[in-house]
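Computed from a predicted structure; not experimentally measured. So you know, we letter chains A, B, ... as the sequences are listed, proteins then strands, and number each from 1.
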Protein chains: 2
Amino acid sequence: MPRPKAFDEEQALDAAMRTFWANGYEATSTEDLCRATGLGRSSIYNTFTSKHELFKRALVRYTNLMTTSQLALLEDETRSAKDRLHDLFDAIIAGEEENRRDDRGLGCLTVNTTVELAARDREAAELVARDQQRRLDALTTVIGIGQRDGELTSGRDPAELARFLNAVIAGMRVAGQGGADIPTLRAIANTALDAL
Amino acid sequence: MPRPKAFDEEQALDAAMRTFWANGYEATSTEDLCRATGLGRSSIYNTFTSKHELFKRALVRYTNLMTTSQLALLEDETRSAKDRLHDLFDAIIAGEEENRRDDRGLGCLTVNTTVELAARDREAAELVARDQQRRLDALTTVIGIGQRDGELTSGRDPAELARFLNAVIAGMRVAGQGGADIPTLRAIANTALDAL
DNA sequence: CACGTTTTGGACAGATCGATACAAAATAGG
DNA sequence: CCTATTTTGTATCGATCTGTCCAAAACGTG
């Protein structure tokens with residue numbers, strides 16, 4: 001009965017996500033979002049309510065895409081704990097290599113959001129905190145397995161080591177945005193993994 | 001002959017620096033800067049030319065304050081290389097503890113700037129790159145000394161280890177902004193230092 | 001084919017943005 | 001005390017921001 005939408009909602013959300021990812025929340029105008037999605041203002045507001053609501057949906061989409069694929073690597077029981085951690089860092093570096101503009105990485109939308117918004121946007125802060133917890137839990141589990149198997153020799157608490165790796169990942173993202181090249185990121189990752 | 005300024009320029013710059021630090025570049029309005037500094041628009045524009053110019057000066061001030069004091073720790077020849085690195089991380093954590101708002105860290109203005117602006121503000125990117133290079137050089141030197149003295153046992157290239165530590169520092173800043181508490185930051189730091 | 005419903009485009013509202021204009025106030029030197 | 005010079009407060013500029021309004025277009029259905 002109603003007139004159907006002339007666009008794919010997920011596709012539009014994806015374009016919006018990339019725009020927020022590349023430029024941040026504040027620096028992305030609603031007109032930028034129109035251009036990126038190819039939609040008119042009415043369609044955007046009719047579908048996504050507001051810029052802030054659209055950002056939250058884009059952030060959720062980002063964490064679902066990224067974290068789901070990363071957790072799949074960490075939960076792959078066909079591989080050893082150590083190999084899973086290496087796979088994770090390989091994937092992160094491959095992602096950084098893929099998403100470059102002017103010899104700089106785009107970073108990670110959750111890191112960018114933490115830095116730009118966490119202090120004054122409670123909803124955004126909660127979304128990234130929830131995502132971070134999922135990743136920390138998975139990391140902790142894998143590290144525990146590695147310790148049990150004698151593959152990881154650091155005697156530290158697995159949860160602590162997980163937070164350490166998580167911090168290194170965030171640091172790699174920042175380094176990539178600062179212009180660090182792929183070999184540099186790889187060296188950082190290897191140093192971190194050796195610490196376990 | 002001229003009428004003298006009724007305010008202290010450095011003090012105003014300091015207030016502006018703190019505002020950019022806490023809220024980021026885009027989210028800081030010129031009116032915010034007026035309120036923070038206590039100055040009128042005319043005084044700000046008369047003294048600092050533009051918001052962007054003021055930001056650059058604030059960023060330079062930040063890097064001078066922070067990096068100078070941190071390099072002093074790294075170059076303190078009365079202490080061993082390992083102790084100097086521990087001193088650095090202690091100072092960073094003490095700084096994080098000092099600058100909290102709503103149980104979150106403010107992060108680090110250079111990290112925040114890298115994330116928010118490096119991709120589209122060449123001047124800001126160059127300022128943070130220059131600061132980062134200073135820090136990397138000092139770290140590399142100290143790590144080299146530690147290796148020569150047999151205090152640090154990792155056989156890795158000192159410059160690589162320096163980039164690793166730098167990434168961990170950035171990651172700690174992000175973690176602090178995400179709500180990590182001080183013991184967590186300390187654990188991350190200790191894990192990183194053990195890797196050397 | 002006509003109706004009910006939704007989408008869509010474009011104009012526009014209200015607020016806020018960074019920056020400027022200008023006159024009054026203030027000061028050190030003559 | 002007067003003058004030259006700069007600062008300062010206020011008003012305001014034009015641009016841009018997010019979000020709304022409304023009429024016309026487009027579709028599934030009876």
Side-chain angles (χ1 to χ4, degrees), chain A residues 1-59 112-113 116-117 120-124, chain B residues 1-60 109 112-113 116-117 119-124 127:
Chain A
M1 344 168 158
R3 172 176 173 185
K5 285 187 206 299
F7 63 93
D8 178 49
E9 193 168 314
E10 281 224 339
Q11 196 172 327
L13 189 55
D14 205 75
M17 178 193 82
R18 280 203 208 307
T19 307
F20 284 126
W21 186 4
N23 304 332
Y25 179 76
E26 299 288 351
T28 297
S29 69
T30 54
E31 209 187 324
D32 290 334
L33 294 167
C34 290
R35 217 176 314 119
T37 59
L39 305 184
R41 310 177 76 67
S42 293
S43 298
I44 285 189
Y45 277 91
N46 181 45
T47 313
F48 301 107
T49 309
S50 72
K51 177 186 173 183
H52 190 256
E53 215 68 27
L54 174 53
F55 176 77
K56 285 193 294 179
R57 284 198 55 184
L59 181 56
N112 298 357
T113 300
E116 188 189 0
L117 293 180
R120 63 201 154 79
D121 184 333
R122 231 194 64 200
E123 294 182 305
Chain B
M1 344 165 155
R3 172 179 174 182
K5 285 188 206 298
F7 62 94
D8 177 47
E9 192 169 315
E10 280 224 342
Q11 196 173 327
L13 189 55
D14 205 74
M17 179 193 81
R18 278 199 212 300
T19 307
F20 283 127
W21 185 4
N23 303 331
Y25 179 77
E26 299 287 350
T28 298
S29 69
T30 54
E31 209 187 326
D32 290 334
L33 294 166
C34 290
R35 217 175 314 120
T37 58
L39 305 184
R41 311 177 76 67
S42 292
S43 298
I44 285 191
Y45 277 91
N46 181 44
T47 313
F48 301 107
T49 308
S50 71
K51 176 186 174 182
H52 190 255
E53 216 68 28
L54 173 53
F55 177 76
K56 284 192 294 180
R57 283 197 57 183
L59 182 56
V60 167
L109 183 56
N112 298 357
T113 300
E116 188 189 1
L117 292 180
R120 64 201 153 79
D121 184 334
R122 233 194 62 200
E123 295 182 305
L127 288 175

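- With D:dT18, C:dA19, C:dC17 as the choices, the nucleotide that has an atom nearest any side-chain atom of B:E31 turns out to be C:dC17.
- Under 3.5 Å, the side chains of B:D32 and B:S29 contain a donor-acceptor pair of N or O atoms.
- Side-chain atoms of B:S42 and base atoms of D:dA11 include no donor and acceptor less than 3.5 Å apart.
- Residue contacts for A:S29: at a heavy-atom cut-off of 4.0 Å it reaches the sugar-phosphate backbone alone, with no base atom in range.
- Here A:T49 lies out of heavy-atom contact (under 4.0 Å) with every strand.
- In this model, the phosphate group of D:dT8 is approached by a side-chain N or O of B:S43 to a distance below 4.0 Å at OP1 or OP2.
- B:T47 contributes no side-chain N or O that forms a donor-acceptor pair with the base of D:dT7 under 3.5 Å.
- A distance of 9.0 Å separates OH in A:Y45 from CG in A:L54, rounded to the nearest 0.5 Å.
- C:dT8 atom P lies 11 Å from atom CZ of A:F48, rounded to whole Å.
- With B:N112 as the fixed residue, the side-chain contact (heavy atoms from CB on, under 4.5 Å) test singles out one of B:W21, B:F20, B:Y25: B:W21.
- Between A:S50 and B:G40, the residue anchored nearer the 5' end of DNA chain D, judged by the nucleotide with its closest heavy atom, is B:G40.
- Atom CG in B:L39 sits about 8 Å away from atom P in D:dG9, given to the nearest Å.
- Screening B:R35, B:R41, B:K51 against B:T30 for a side-chain hydrogen bond (donor to acceptor under 3.5 Å, both in side chains) leaves a single residue, B:R41.
- Protein atom CG of B:D32 is 14 Å distant from nucleotide atom P of C:dA19, rounded to whole Å.
- Put simply, OH on A:Y45 is 15 Å from C1' on C:dG10, counting in whole angstrom units.
- Rounded to an integer number of Å, the gap from CZ of B:R41 to P of D:dC13 is 14 Å.
- Under the 3.5 Å distance criterion, the side-chain polar atoms of A:E116 are left unmatched by any main-chain donor or acceptor of B:E116.
- Regarding B:L33, its CG atom lies at a distance of 10 Å from the P atom of C:dA19, rounded to whole Å.
- Rounded to an integer number of Å, the gap from CD of A:E53 to C1' of D:dG19 is 14 Å.
- Look at CZ on A:F55: it is 14 Å from P on D:dT18, rounded to the nearest Å.
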